[in-house]
Amino acid sequence: MRAAWPLRRGAAQRLSRIEGILEATYGSPEAELGNKDDPLDEAIYIILSFQTNLSRVRSTWSALRAAYPSWKAVERAPTLEIAGTLRAGGLHRQKARAIRHLLLAVRRDVGELDLDLLHGMSDTEAEQFLTRLPGLSWKGARCVLLYSLGRDVFPVDGNTFRILRRLGILTARAVYRRRTLHDALQAGVPIARRRSLHVNLVVHGQRTCLPRSPRCSECSLLVLCPRVGLR
Ligand code: SF4
């Protein structure tokens, strides 16, 4: 059975308008997000970002880097010990396990703890390689492609999904875990706007369109937002 199309009619035009308003509001403050230039660093940073907010991701990243001098040291450490350093970010045991599994898989597939081979791959090859690793979804893989490899992709994170659903860009049947959603949104955003729209949506989700109690009265998108699911 084919998955239902996840975008409403006119989504591409509305996304373009939303991108312009968010860029005027926030100006793509990319450094605020803390994403990494190195692809293995970014893959681990993405695992730490699972179901937590930006300030907790950044503090657990700092704690992990302070506790271990290298990824090799993390690879050799007991999972429970790693989990202890991640406690402040929530789901610390699950994240510690995921990071160790990721490092073991990179060691197995690449022969060393390094993902620089991705630079020589096409977008499709790199995405397939990354999504075969434990702990990385399409969103995680596309974050590595965007931030570490400089590719023109559009990662759809939890902030993006929540905001675009409230804005009525997504249909009621859009499902986060379906690949059609990720591909349809990426195709709906012009290549030149993907990076800025992704960054600004993450920032909007952290500052204004919060998961609970969004600050609609302060929102620059209020005039075009039907606030789906909030009434
Ligand atoms: S108006 Fe409210 S629900 Fe709509 S995007 Fe802004 S904060 Fe989110």
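Ligands are counted one by one from 1 in listed order, and the atoms in each one are counted from 1 as well.
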Next item on the list: Could you name the option among Cys209, Ser220, Gly168, Gly205 that has the heavy atom nearest to atom 7 (S) of ligand 1?
Entry: Cys209
Note to self: Any atom of ligand 1 sitting under 4.0 Å from a heavy atom of Glu218?
What the structure shows: no
Checklist line | Arg178 to Trp5, cation-pi by 6.0 Å centre distance and 45° axis angle | finding: no
Notebook entry, point to check: What protein heavy atom is closest to atom 3 (S) of ligand 1, reported as residue, atom name and distance in Å?
Noted result: Leu230 CD1, 3.4 Å
Next item on the list: May I ask you to decide whether Asp157 forms a salt bridge with Lys139, counting only side-chain N to carboxylate O separations under 4.0 Å?
Entry: no
Item checked: Which residue and heavy atom of the protein sit nearest atom 2 (Fe) of ligand 1, plus the separation -> Cys216 SG, 2.3 Å
Margin query: I'd like to know if Glu127 pairs up with Arg142 as an ion pair, taking the criterion as any Lys NZ or Arg NE/NH1/NH2 lying under 4.0 Å from an Asp or Glu carboxylate oxygen.
Written below: yes
Checklist line | Any donor-acceptor N or O pair under 3.5 Å, side chains Glu23, Asn200 | finding: yes
Check: Distance from Leu33 atom CG to Ser49 atom OG, nearest 0.5 Å?
Finding: 10.5 Å
Notebook entry, point to check: What atoms of ligand 1 come within less than 4.0 Å of a heavy atom belonging to Leu222?
Noted result: 1 (S)
Note to self: Under a 4.0 angstrom heavy-atom cut-off, which atoms of ligand 1 come close to Arg166?
What the structure shows: 3 (S)
Notebook entry, point to check: Is the distance between atom 2 (Fe) of ligand 1 and the nearest N/O/S atom of Cys219 smaller than 2.8 Å?
Noted result: no
Next item on the list: Just let me know how Cys225 lines up against ligand 1, side chain, backbone, both or neither, with a heavy-atom cut-off below 4.0 Å.
Entry: side chain
Check: Considering only the protein, which heavy-atom contact is closest to atom 5 (S) of ligand 1, and what is its distance?
Finding: His204 NE2, 3.7 Å
Note to self: Consider ring pair (Phe, Tyr, Trp, His ring centres under 6.0 Å). Of Phe154, Tyr176, Phe161, which one does His182 pass it with?
What the structure shows: Tyr176
Notebook entry, point to check: When rounded to the nearest 0.5 angstrom, what is the spacing between CG in Leu64 and OH in Tyr45?
Noted result: 12.5 Å
